[in-house]
Amino acid sequence: MKPVIDIIDQQICQAIKTVSGEDSPAMVTVATDAKFGDYQANAAMVLAKKLKSNPRKIAEQIVEKLNISDICEKPEIAGPGFINLRLKPEYISAALLQINSDPERLGIDKEQQSKTVVVDFSGPNIAKEMHVGHLRSTIIGDCICRMLEFAGHNVIRQNHIGDWGTQFGMLVAYLNLEFRTQNSELRIQNSIHISDLEQFYKNAKAKCDADESFEKLSRQQVVKLHDGNSETLNIWKHIVDESRKNYQPIYNRLGVNLHKENERGESFYKDMLPGVVGDLKKAGLAKESDGAICIFPEGFKTKEGQPLPFIIQKSDGAYLYATTDLAALRFRINQLHANKIIYVTDARQQLHFQMLFAVAKQAGWVNENIELVHVTFGSVLGDDGRPFKTRSGENVKLQELLDEAVSRAGKIVEQKNPALDKEQKRQIANAVGIGAVKYADFSNNRTSDYVFSFDRMLAMDGNTAVYMQYAYARVKSIHRKAEEKNIDVDGEIKRAAKLNFTTAEELDLAKHIVRYGEAVEAATRDYRPNFLTQYLYELAQKFSGFYNACPVLDADAASRPTRLLLCELTAQTIKHGLNELLGIDVVEQM
RNA sequence: GCGCCCGUAGCUCAGUAGGAUAGAGCGUCGGUUUCCUAAACCGAAGGUCGCAGGUUCGAAUCCUGCCGGGCGUACCA
């Protein structure tokens, strides 16, 4: 089933063609005000401009040739030439029944051509606990994957973990020093945990700065690591495994679909780096400059107006993230056969990715059928408008942040619904707390910074996850009550051949349910979860209005099947949007 | 200096191709519960869309300049 807006758009385009012979855009949008109908087409003004003609007259001509009487009432022309369209109740009725017959996809078509899309997101640093700086990439990336999967694409999730580099030499040297007991194997297996690693890293760094002999040791460890020395490698591997014990549970709690098999960290590409540099040299793109191997893509300038280098090998011979990113990009195209590669990182890396893409294209690694996308996002800020930190200036650990959200939610559950059993309360607190954090992030415009506030996201009223979770729980409650009263919900819905909207609230809700596909399409197209949250919030609002105005179980026989279906589809839509696409849990009762 | 992003109600934010009287939430004020979960609903007040020009029948949206803020800008990621 195509979104209504697309059907209307198509029909108007056709009418324009018939009237003028032009391929002019239909400019269909949701009406700005309900009194103008449901949709409006602004095509006449655009076309009139082109033809230097009267827009109202053109609107009349378009309407005359317009063939949508099966979905819309008679179009009205208003103002300078707006074409106002109102959906027919019969159409809405048929659309809802069709959505109901397709619980898997809620009547939303897949994309015609499925692509292989690599999505690079999350990318935590090894040997450090995940902190609030990883939140956005992790959940926005996951949401993008979910949306693309739902659209029918073959999505390959790539967690480009930061597991390689000189800092590991330092860390290994430090562990060797501190944990090697006399004449025994390095006892690390049960003695080193993630919470320690960060401190060890700091200690190692300080020691490095203070102690020359230690600095030498750590440089030796870097060499050993690169040479694949098995003991060094084992310690490194332990560090990676230990780090995973920190971030995997966080993914699980966040409902983020990342696992060990999605990991392809920096270390995976280490052996490809000389080849990357060699190939770019051979192609004549990479040259030496001030001792470093650089590529100077067109259109990038330094402060002084000189060509800006994309450095792929430092003067000391070491490789950089630019090199790794090039290797990864080539791997994704050649080995993973990506048609599209999406990088989800904060906006500060924009220049890097612009240059990366430019270089990859100049090198001929990317043909016209491969799309490279950098999906950026803003920073998470504290109350003071500065990057969100603890009072002592440390990064806020994600684990602690989630604990706090769940614990705050738990207190509210306790207060609102003390009679529920313990396990239920725990589940609700989890869904509400984690949902609040994710939803607050999603509902902001991706590209802007936002101020993190537990109080606001957990305020339990307003545009928060819980508002939708509550709407969902109320529908489920109706189901439970129906059972008590021996009302056959499924049967009544199944027997409804045509719906009967008797109130403005029913019709309003019904129309909004029909629009779900539009919201999903827009959010997927622009990688913008906030289009989805906006839709879901409006849906929950309309449901609440309906719930308040229209009794369901006590409705008369003419109304009840329609109302039951509206409840059912509201619940399914909320569940699909919240759970399937945003990865936020819903609860049956709260 | 140059580049990118941002400036919308007291606060936090939307605004999906340039469209009709600029929208939410919080907060404020007022109302709703013998009725399916009041974590709810209904209503009111509140804005020269940073400033100044320009393009257009029409600008928060496009262009130019200015003011204010953030980020980036040769060997970190």
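By convention in this document, chain letters (A, B, ...) are assigned in the order of the sequence lines, proteins followed by strands, and residues within each chain are numbered from 1.
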Secondary-structure stems, RNA chain B, at least 3 Watson-Crick or G-U base pairs under 3.5 Å: B:1-7 with B:67-73, B:10-13 with B:23-26, B:28-32 with B:40-44, B:50-54 with B:62-66

Between C36(B) (C1') and Phe546(A) (CZ): distance, integer Å: 10 Å

Counterpart residues, side-chain hydrogen bond (donor to acceptor under 3.5 Å, both in side chains), relative to Lys542(A) (two or more places apart): Asp508(A)

Distance below 4.0 Å between Asn445(A) side-chain N/O and G15(B) OP1 or OP2: yes

Residues in side-chain hydrogen bond (donor to acceptor under 3.5 Å, both in side chains) contact with Glu505(A), at least two apart in sequence or another chain: none

Contact residues, residues 531-542 of chain A to RNA chain B [heavy atom, < 4.0 Å]: Phe531(A), Gln534(A), Tyr537(A), Gln541(A)

Nearest-Å distance once atom C1' is located in both C26(B) and C67(B): 30 Å

Short side-chain N/O contact from Ser443(A) to OP1 or OP2 of U12(B), under 4.0 Å: no

Could you list the donor-acceptor pairs under 3.5 angstrom formed by side chains in residues 297-307 of chain A, with sequence neighbours left out?
unit_1    : atom_1 : unit_2    : atom_2 : d
Thr302(A) : OG1    : Glu304(A) : N      : 3.2
Thr302(A) : OG1    : Gln306(A) : N      : 3.1
Thr302(A) : OG1    : Gln306(A) : O      : 3.4

Whole-Å gap separating C1' (G18(B)) and CG (Leu47(A)): 16 Å

Counterpart residues, side chain to side chain contact (heavy atoms under 4.5 Å, CB included), relative to Ala419(A) (two or more places apart): none

Rounded P spacing from U61(B) to C49(B) in Å: 9 Å

Nearest-angstrom distance from the residue atom OH of Tyr39(A) to P of G19(B): 17 Å

With sequence neighbours excluded, residues passing ring pair (Phe, Tyr, Trp, His ring centres under 6.0 Å) with His352(A): Phe310(A), Tyr321(A)

Salt bridge flag under 4.0 Å for residues Lys485(A) and Asp554(A): yes

Selected nucleotide, minimal atom distance to Tyr547(A) side chain, candidates A17(B), C36(B), A14(B): C36(B)

All N/O donor-acceptor pairs, side-chain side in residues 373-385 of chain A, below 3.5 Å, sequence neighbours left out:
unit_1    : atom_1 : unit_2    : atom_2 : d
His374(A) : NE2    : Thr345(A) : OG1    : 2.7
Asp384(A) : OD1    : Arg386(A) : N      : 3.0

Gap in Å between the two C1' atoms, one belonging to A44(B) and one to C6(B), rounded: 33 Å

Touch class at under 4.0 angstrom, heavy-atom based, for Asn530(A) against every strand present: sugar-phosphate

Contact state string [nucleotides 43-49 of chain B, B base, S sugar-phosphate only, - no protein heavy atom under 4.0 Å]: -------

Phosphate contact (A38(B) OP1 or OP2) by Arg474(A) side-chain N/O below 4.0 Å: yes

Touch class at under 4.0 angstrom, heavy-atom based, for Lys49(A) against every strand present: base

Side chain Trp236(A), main chain Asp163(A), donor-acceptor under 3.5 Å: yes

Side-chain donor or acceptor of Arg480(A) paired with backbone N/O of Glu588(A) under 3.5 Å: yes

Most 5' of Phe36(A) and Val28(A) on RNA chain B, judged by nearest nucleotide: Val28(A)

Lys481(A) side-chain proximity, nearest of G19(B), U37(B), C41(B): U37(B)

Distance-only polar pair, side chains of Asn463(A) and Tyr439(A), donor-acceptor under 3.5 Å: yes

Of the listed nucleotides G19(B), G15(B), C41(B), the one nearest the side chain of Asn548(A): C41(B)

Touch class at under 4.0 angstrom, heavy-atom based, for Asn42(A) against every strand present: base

Side chain of Leu553(A) (C-beta onward), nearest among C13(B), C36(B), C57(B): C36(B)

Most 5' of Gln350(A) and Pro551(A) on RNA chain B, judged by nearest nucleotide: Gln350(A)

Centroid under 5.5 Å and tilt under 30°, Phe82(A) to G19(B): no

Tyr450(A) six-ring centre to Arg136(A) NZ/CZ under 6.0 Å and within 45° of normal: no

Under 4.0 Å protein heavy-atom contacts per nucleotide of nucleotides 70-77 of chain B, with B for base, S for backbone only and - for none: -SSBBBSB

Touch class at under 4.0 angstrom, heavy-atom based, for Phe300(A) against every strand present: nothing

Whole-Å P distance, G43(B) and G25(B): 10 Å

Rounded distance in Å - CD (Gln354(A)) to C1' (C2(B)): 14 Å

Rounded interatomic separation in angstrom, taking CE from Met45(A) and C1' from A17(B): 12 Å

Rounded interatomic separation in angstrom, taking CZ from Phe543(A) and P from A39(B): 15 Å

Atom-to-atom span, CG of Asn417(A) to C1' of A40(B) - whole angstrom: 14 Å

Test item: side-chain donor near acceptor, Asn54(A) and Arg56(A), under 3.5 Å: no

Side chain of Val451(A) - closest among C13(B), A39(B), G19(B): C13(B)

Whether His134(A) side chain and His131(A) backbone form a donor-acceptor pair below 3.5 Å: yes

Salt bridge (Lys or Arg N to Asp or Glu O under 4.0 Å) partners for Asp449(A), two or more places apart: none

Selection from U37(B), U16(B), A14(B) that lies nearest to any side-chain heavy atom of Ser448(A): A14(B)

Touch class at under 4.0 angstrom, heavy-atom based, for Thr32(A) against every strand present: base

side-chain hydrogen bond (donor to acceptor under 3.5 Å, both in side chains) against Glu266(A), all qualifying residues, sequence neighbours excluded: none

Aromatic ring pairing Phe357(A)/Tyr343(A), orientation class (parallel under 30°, perpendicular over 60°, tilted between): tilted

Quiz item: Asn84(A) side-chain donor-acceptor pair to A20(B) base, under 3.5 Å: yes

Distance between C1' atoms of G72(B) and U56(B) (Å, rounded): 36 Å

Sugar-phosphate, base or nothing in reach of Asp9(A), heavy atoms under 4.0 Å: base

Candidates U12(B), C36(B), A20(B) - which lies nearest the side chain of Ala78(A): A20(B)

Contact check, side chains of Glu483(A) and His479(A), non-hydrogen atoms, under 4.5 Å: no

Atom-pair distance (CE on Met27(A); P on A20(B)), nearest Å: 11 Å

Euclidean distance for C1', U8(B) against A59(B) (whole angstrom): 14 Å

